[in-house]
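Contents: one structure, followed by commentary.
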Amino acid sequence: MEQRGRQRLGKPVGRRVVLGVLALGAAGVAFGAKAQSGLDGILAQVSAKDPTGLTGLLPGGGGFRFYSVADSIPHRSAADYRLTVDGLVDRPATYTLADLQAMQQTRLVKDVQCVTGWRVPNTEFSGVLLRDLLDMAGVQKQGTAIKFTCFDGVYTESLTLDEARRSDILVAHQMNGSPVTDAHGGPVRLYVAPMYFYKSAKWLSGITVTSQVEPGYWEHYGYDVEAWVGRSNGRNDAPTSG
Ligand SMILES: Nc1nc2c(c(=O)[nH]1)N[C@H]1C(S)=C(S)[C@@H](COP(=O)(O)O)O[C@H]1N2
Ligand SMILES: [Mo]
C-alpha cells in the first residue's frame, strides 16, 4: 500500500492547481491508498493554508510533510526542466535534467529534520554535488554566497560559499531511489543535509553566486540563516562543533 501510494504520487500533476480551495475540509483524515489517485492523494491530506503556507502529511511519504509557501504544486516535466547557474561566475550555464544526470552522482543517506520538529530518518537523496556545479561555473573572487531561486516563483534560500562547498549538499533529482516527485520539489530540489529542511529549496531553478548572503524566504520571518541542525536532536553538523 505504501509503495502504491508513492508511485501514484510520482505521477506528474500536469497543471497548476489551487490547493487551498480543493483541499478544504480534508485535512487530517487518513485515506487508504485506494482513495489516493494522483493529485487527489496529495490533496486529501494537504490542509488549507496555515501560517506556514500549505502543509500536510504526504500519503505514502514515510512521515514527510508537504510544504509550499506558494498556493499550488508547481510542475515542470523532466523534458522542460532547466537549472541556471549565474551571477559572479566565469561560465554561466543552463542545465537540463539529462545534463545533471550525466554528471558524477553522489548519494547521501541522512536524517531529514524540519525546524518545526518532525524528522524522517535515513532518507536517501542522490544527485550532483552543489560544489561541482560551482566549480564548473568558476566562482569569481567577489563571489561569497549563493542565492537559490525556485520555479514556484516565491521561495528563495541562501548559503555562504563555504557552506555550499561542503560534501553533503546536493542538487538532488532522486529521493529514496525514485525521481523526486512534484510534491517533494521535483524534478530537482536542493538538499542541504546538515541544516534544517527549510534550507532545502524545492523546485530549484536558479543558483546565483552573489557578493553577500541574501536571507531566504523563511529567514525574513525570523528563522536562522545559519540553520545547522542543533543539539536538540543529537546532531550538530556545524563545522565549529567537535
Ligand atoms: N520552494 C519551496 N521549497 C521549500 C519550501 C517551500 O515552501 N517552497 N518549504 C521548506 C520547508 S519549511 C520544508 S520542511 C521542506 C519540506 O519538504 P517536503 O515538502 O518535501 O517534505 O521544504 C523546504 N523547501
Ligand atoms: Mo520546514
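We count ligands from 1, going down the list as the structure has it; atoms in each ligand are counted the same way.
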| Can you tell which of L190, T84, V171 makes a side-chain contact (heavy atoms from CB on, under 4.5 Å) with I207? | V171
| Passing candidate, side-chain contact (heavy atoms from CB on, under 4.5 Å) with V188, options V128, L97, V180 | L97
Taking only heavy atoms of [X] into account, list the atoms of ligand 1 that are under 4.0 Å away from them.
X: S68; answer: 6 (C), 7 (O)
X: F64; answer: 21 (O)
X: F66; answer: 19 (O)
X: C114; answer: 14 (S)
X: D152; answer: 1 (N), 2 (C), 8 (N)
X: K202; answer: 1 (N), 2 (C), 3 (N), 4 (C), 17 (O), 18 (P), 19 (O), 20 (O), 22 (O), 24 (N)

| Between T210 and Q212, is any side-chain donor less than 3.5 angstrom from a side-chain acceptor? | no
| said: For E219, is there an ion pair with K199 - N to carboxylate O distance below 4.0 angstrom? | reply: yes
| query | Quick one: do D135 and R165 make a salt bridge, cutoff under 4.0 Å? | reply | yes
| field | Heavy-atom closest pair, residues F197 and C114 | value | CB-CA, 4.2 Å
| query | What is the minimum heavy-atom distance between Y155 and C150, and which atoms define it? | reply | O-SG, 3.4 Å
Should the proximity of [X] to ligand 1, defined as any heavy atom under 4.0 Å, be assigned to the side chain, the backbone, both, or neither?
X: S200; answer: backbone
X: Y155; answer: side chain
X: E157; answer: neither

| field | Within-shell test, W118 vs ligand 1, heavy atom, strictly < 4.0 Å | value | yes
Examine [X] against ligand 1 and note whether any of their N/O atoms are separated by less than 3.5 Å.
X: V69; result: yes
X: Y67; result: yes
X: W218; result: no
X: Y198; result: no

| task | Would you indicate whether R107, at its atom CZ, is surrounded by more than 12 heavy atoms from other residues, nucleotides or ligands within a distance under 6.0 Å? | result | no
| task | Please test E124 against S126 for side-chain hydrogen bond (donor to acceptor under 3.5 Å, both in side chains), starting from the C-alpha separation and ending with a verdict. | result | CA-CA 7 Å; E124 182 203 337; S126 301; 3.2 Å; yes
| So between F151, F197, W203, whose heavy atom ends up nearest atom 15 (C) of ligand 1? | F197
| query | Aromatic rings F64 and H184: how do their planes relate, parallel, tilted or perpendicular, breaks at 30° and 60°? | reply | perpendicular
